[in-house]
Trainee: 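Here it is, the structure in full.
Small disclaimer: the values here were computed from a predicted structure and weren't measured.
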Amino acid sequence: MTRTVYLNGEYLPETEAKVSIFDRAFLMADGVYEVTSVLGGKLIDFEGHLKRLERSLNELEMKKPAAFDDLLEIHRKLVELNGIDEGLIYLQVTRGAPGDRDFAFPDPETTEPTLVLFTQSKPGLADNPTAKKGIKVISIDDIRWGRRDIKTVQLLYPSMGKMMAKKAGADDAWMVEDGFVTEGTSNNAYIVKDGKIITRNLSTDILHGITRAAVLAFAREAQMAVEERPFTIDEVKAADEAFYTSASSFVMPVVEMDGAAIGTGTPGPVAARLREIYLAESLKVAI
Ligand code: PLP
């Protein structure tokens, strides 16, 4: 089915949406993005994603392409036009297409940002059978840049990490810097030890996950102990459970690290409970 996508004020068939070869994201990876999940035709954690988008734009001195209400309207219209019940909406903002290649940023007065959105239909996203099996991860060096808190489209190394995992017969890679896990290729990483949920503290070293913020708030509300600190691969292997969070996977159990079973080697009760709470509570406030 041909999707209807959004490009700079227009709703177009995906085959007709065209961006300039001089677009800064194409030439310089000069763009930021957000992925919002859709459940029951509604947007999950939308406000959080838009707040983070605004922060990414501010950190990179990029112009905001549209007001919050307009972006909400575009998301809703794409859900409707494409008949999305469960799936994802991808949004990207770039510094625009100044008409030539230059390292210096173009003048924002004369170069408008490029705004692109498209949907991805994913029936069964909430009831994903993988969440009942858990996934396998490997560890790899984190060689990304120093501003991982900005959600940019520089995703080459995370893509390479995914391929390294696939080649090793695993599903994903958790990245390690100075002996400590930073995060997954496209998710925030957690272990559970003696009932305590441990996840790396926020800094410029990791993306400030929107799902992370919601899951930790729900965990604290449910009187679960949470510790925000870096942890090692040895701690992952010795943990009772491990899991990751992201907008597209919610809470996903991790059952193996570098070939070693974590805990019982099956999804643990803390991850299962958090997934259930997150899905139920975030659906209640979905817009
Ligand atoms: N960390 C990285 C590197 C990511 O790319 C992502 C999501 O794409 C996350 C964490 C999870 O963030 P969120 O929960 O906002 O999807």
Side-chain angles (χ1 to χ4, degrees), residues 35 37 39 44-45 86-88 122-140 158 161-162 164-166 168-176 180-200 206-207 209-283:
V35 177
S37 59
L39 292 178
I44 302 293
D45 282 336
E86 291 197 4
L88 306 171
K122 306 250 179 209
L125 190 65
D127 207 15
N128 185 352
T130 308
K132 293 188 183 79
K133 268 184 17 213
I135 65 127
K136 299 173 182 175
V137 298
I138 59 164
S139 59
I140 60 171
K162 263 280 197 232
M164 289 182 230
K166 276 192 169 192
D171 306 288
D172 197 18
W174 280 9
M175 294 176 277
V176 178
F180 293 97
V181 173
T182 50
E183 58 191 334
T185 58
S186 57
N187 48 70
N188 289 114
Y190 306 72
I191 54 172
V192 181
K193 188 69 181 171
D194 300 325
K196 190 184 282 176
I197 298 160
I198 302 163
T199 193
R200 195 179 176 107
I206 62 167
L207 187 74
I210 301 307
T211 321
R212 176 191 182 281
V215 164
L216 291 186
F218 293 137
R220 286 182 169 120
E221 265 171 42
Q223 312 296 326
M224 297 160 106
V226 175
E227 192 178 352
E228 295 182 60
R229 64 158 175 88
F231 56 85
T232 65
I233 292 296
D234 282 346
E235 285 186 273
V236 177
K237 290 180 180 166
D240 301 324
E241 293 183 37
F243 62 92
Y244 71 65
T245 62
S246 74
S248 54
S249 299
F250 314 118
V251 178
M252 182 59 70
V254 173
V255 296
E256 204 180 287
M257 165 58 80
D258 290 337
I262 299 169
T264 60
T266 57
V270 174
R273 183 156 175 234
L274 286 174
R275 184 178 175 92
E276 202 180 298
I277 298 177
Y278 176 75
L279 285 171
E281 295 302 317
S282 53
L283 250 177

Trainee: Give me each pair satisfying side chain to side chain donor-acceptor pair (under 3.5 Å) with a member in residues 260-272, each pair once, sequence neighbours excluded.
Mentor: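 Applying side chain to side chain donor-acceptor pair (under 3.5 Å) to every pair that reaches into residues 260-272, excluding sequence neighbours, yields T264-T266.
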Trainee: In terms of heavy-atom contacts, does NZ of K132 have more than 12 from other residues, nucleotides or ligands at under 6.0 Å?
Mentor: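 Atom NZ in K132 is crowded, with more than 12 foreign heavy atoms closer than 6.0 Å.
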Trainee: Given the rule in the side-chain contact (heavy atoms from CB on, under 4.5 Å) test, do V137 and V236 qualify, once you have shown the distances and angles that lead to the verdict?
Mentor: CA-CA 11 Å; V137 298; V236 177; 5.7 Å; no
Trainee: Would you check, one step at a time, whether the test side-chain contact (heavy atoms from CB on, under 4.5 Å) holds for N188 with T211?
Mentor: CA-CA 9 Å; N188 289 114; T211 321; over 6 Å; no
Trainee: Can you tell me how far OG of S282 sits from CD1 of I210, rounded to the nearest 0.5 angstrom?
Mentor: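 Here the rounded value is 12.5 Å.
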Trainee: Look at the aromatic rings of Y278 and F250 and report parallel, tilted or perpendicular, splitting at 30° and 60°.
Mentor: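 Rings of Y278 and F250: tilted, as their planes differ by 30° to 60°.
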Trainee: Any side-chain heavy-atom pair from V254 and I135 closer than 4.5 angstrom?
Mentor: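 SC-SC contact between V254 and I135 confirmed.
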Trainee: Evaluate the side-chain proximity of E221 to E281: yes if any heavy-atom separation is below 4.5 Å, no if none is.
Mentor: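 No - every pair of side-chain heavy atoms lies 4.5 Å or more apart.
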Trainee: Do T182 side-chain atoms and M175 backbone N/O form a donor-acceptor pair below 3.5 Å?
Mentor: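 Confirmed, T182 side chain pairs with M175 backbone.
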Trainee: Might you point out which heavy atoms bring S139 and I233 nearest each other, and give the distance in Å?
Mentor: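 Heavy-atom minimum between the residues: CB-CD1, 3.6 Å.
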Trainee: Where do I262 and V255 land on the side-chain contact (heavy atoms from CB on, under 4.5 Å) test, with the steps shown first?
Mentor: CA-CA 5 Å; I262 299 169; V255 296; 5.7 Å; no
Trainee: Under a 4.5 Å cut-off applied to non-hydrogen side-chain atoms, are N187 and M252 in contact?
Mentor: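 Side-chain contact under 4.5 Å: no.
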Trainee: For E183, what residues pass the salt bridge (charged side-chain N to carboxylate O under 4.0 Å, His left out) criterion, not counting sequence neighbours?
Mentor: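 Listed in chain order: R144.
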Trainee: Of all heavy-atom pairs between F243 and P253, which one has the smallest distance, and what is that distance?
Mentor: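 Taking F243 first and P253 second, the nearest heavy atoms are CB-CA, 3.9 Å.
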Trainee: What's the shortest heavy-atom distance between G161 and A173, and which atoms?
Mentor: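 What the structure gives for the nearest pair is O-CB, 3.7 Å.
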Trainee: Restricting to non-hydrogen atoms, name the atom on F231 and the atom on R200 that form the minimum distance, rounded to 0.1 Å.
Mentor: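 Shortest heavy-atom separation between F231 and R200 comes out as CE2-N, 4.2 Å.
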Trainee: Under the side-chain contact (heavy atoms from CB on, under 4.5 Å) criterion, do D172 and K162 qualify, and how do the steps go?
Mentor: CA-CA 5 Å; D172 197 18; K162 263 280 197 232; 3.6 Å; yes
Trainee: Mind listing the closest non-hydrogen atom pair of G184 and W174 along with its distance?
Mentor: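 Distance-wise, the nearest heavy atoms are CA-CD1, 3.6 Å.
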Trainee: For the residue pair L88 and L125, establish whether any side-chain heavy-atom pair is separated by less than 4.5 Å.
Mentor: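 A side-chain contact exists here, since the closest heavy-atom pair is under 4.5 Å.
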Trainee: With a 4.5 Å cut-off on side-chain heavy atoms, are D171 and T130 touching?
Mentor: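 Heavy-atom side-chain distance check fails, nothing below 4.5 Å.
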Trainee: Counting N and O atoms only, with roles assigned by atom type, does the side chain of R275 sit under 3.5 Å from a partner on the main chain of A126, one being a donor and the other an acceptor?
Mentor: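 The answer is yes, because a donor-acceptor pair under 3.5 Å joins these two groups.
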Trainee: For a 4.5 angstrom cut-off between non-hydrogen side-chain atoms, does L279 reach L39?
Mentor: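 Touching, per the 4.5 Å side-chain cut-off.
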Trainee: Taking the side chain as every heavy atom from C-beta outward, state whether V270 and Y190 have any atom pair closer than 4.5 Å.
Mentor: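 No, every pair of side-chain atoms sits at 4.5 Å or beyond.
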Trainee: Is atom CD of E228 surrounded by more than 12 heavy atoms (other residues, nucleotides or ligands) closer than 6.0 Å?
Mentor: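 Buried by this count: over 12 neighbours within 6.0 Å.
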Trainee: May I have all residue pairs that pass side chain to side chain donor-acceptor pair (under 3.5 Å) and include part of residues 232-242, sequence neighbours excluded?
Mentor: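 Qualifying pairs: R229-E235.
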